[in-house]
Amino acid sequence: LDMAVLDPAAFAPVATTTRAILSVRSQGGLNRIPVVLGVKASSPFKTLTDLRGKSLVFGGRTPAALNLPKLALSQRGAPAAFWGRELIAQDGDAAISDLRANRADAVVLHAAAWQRLCFKQSPKVAAPCADLRIVAKIRPQADRAIVVRRDIADETRYRLIGIHMPLHLENATAF
């Protein structure tokens, strides 16, 4: 086949000969933006596994701040039972404050919140999160993806993406 819609189980046997070009999100489902798991720069924790039994703070109660990180962490082997304690801060700023004040061992934020809070604005100004370190960037697994042959021409692949990106917005049924 040149193109197909596959779930993770169907994709696994053909992963070396195909590539995903678009993930398919169910109506009302969570998006797939990456989440960032961070710790204090001085922390001994280097990996997600190192944080087993430790405390984690989420950056809010919105689906992107709570449900999405919980899903991504769970898919990587860190469900609620993995953590010693889970806290939910009011927002990303409060979650970072909780981490800095030692009320949590790690913070998890969706990538947009992390970037908003931690992006270095200028080479002349210290990075706002120089005291923090990223342990992992995790993207939730897609339920389904449109995949193409790995040897498909780049021009064809980009045209397929270009057709399907607006199609799902303009005519979901056709998509």
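K70 forms a cation-pi arrangement with F58, by the criterion of a distance under 6.0 Å to the ring centre and an angle within 45° of the ring axis.
Using a 4.5 Å heavy-atom cutoff, the side chains of I161 and L22 are in contact. Counting heavy atoms from C-beta on, the side chains of H110 and P34 never come closer than 4.5 Å. Contact of the V147 side chain with the M3 side chain is not registered, since no non-hydrogen atoms from C-beta on lie closer than 4.5 Å. The closest side-chain heavy-atom distance from C118 to I96 is below 4.5 Å.
A distance of 10.0 Å separates CZ in R133 from CG in L37, rounded to the nearest 0.5 Å. Atom CD1 of I152 is separated from atom CD1 of I21 by 7.0 Å, given to the nearest 0.5 angstrom. Rounding to the nearest 0.5 Å gives a distance of 13.5 Å between OH of Y158 and CE of M165. Rounding to the nearest 0.5 Å gives a distance of 14.0 Å between CD1 of I146 and CZ of R19.
In this structure a side-chain-to-backbone donor-acceptor pair under 3.5 Å is present from R139 to R32. Using a distance-only test at 3.5 Å, with no hydrogens or angles considered, no donor-acceptor pair links the side chain of Q75 to the main chain of P140. Judged by distance alone, with hydrogens and angles left aside, the side-chain atoms of R150 form a donor-acceptor pair with the main-chain N or O of A15 at under 3.5 Å.
Residues L56 and F45 are members of one and the same hydrophobic cluster, defined by side-chain heavy-atom contacts under 4.5 angstrom among Ile, Leu, Val, Met, Phe, Trp and Tyr. Taking hydrophobic clusters as Ile, Leu, Val, Met, Phe, Trp and Tyr residues chained together by side-chain heavy-atom distances below 4.5 Å, V107 does not share a cluster with L48. Transitive grouping of hydrophobic side chains (ILVMFWY, heavy atoms separated by less than 4.5 Å) keeps I33 and W114 in distinct clusters. Residues L68 and L73 share a hydrophobic cluster, clusters being chains of Ile/Leu/Val/Met/Phe/Trp/Tyr side chains in contact below 4.5 Å. At a threshold of 4.5 Å between side-chain heavy atoms, the hydrophobic network of Ile, Leu, Val, Met, Phe, Trp and Tyr places L99 and L109 in one connected group.
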Residues L132, R100; criterion side-chain contact (heavy atoms from CB on, under 4.5 Å); working and verdict:
CA-CA 9 Å; L132 305 180; R100 287 180 170 138; 4.1 Å; yes

Could you go step by step and tell me if D131 and K40 meet the salt bridge (Lys or Arg N to Asp or Glu O under 4.0 Å) rule?
-> CA-CA 6 Å; D131 61 326; K40 291 171 85 171; over 6 Å; no

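When the options V135, I134, D50 are evaluated for a side chain to side chain contact (heavy atoms under 4.5 Å, CB included) with V39, the one that passes is V135. Residue S55 forms a side chain to side chain contact (heavy atoms under 4.5 Å, CB included) with just one option from N102, D98, D105, and that option is D105.
Salt-bridge annotation for D2 and R149: present, with a side-chain N of the basic residue lying under 4.0 Å from a carboxylate O of the acidic one. A salt bridge links R116 with D93: at least one charged nitrogen is closer than 4.0 Å to a carboxylate oxygen.
For R159, the CZ atom sits in a loose shell: 12 or fewer heavy atoms of surrounding residues, nucleotides or ligands are nearer than 6.0 Å. Atom CZ of R61 is surrounded by 12 or fewer heavy atoms from other residues, nucleotides or ligands within 6.0 Å.
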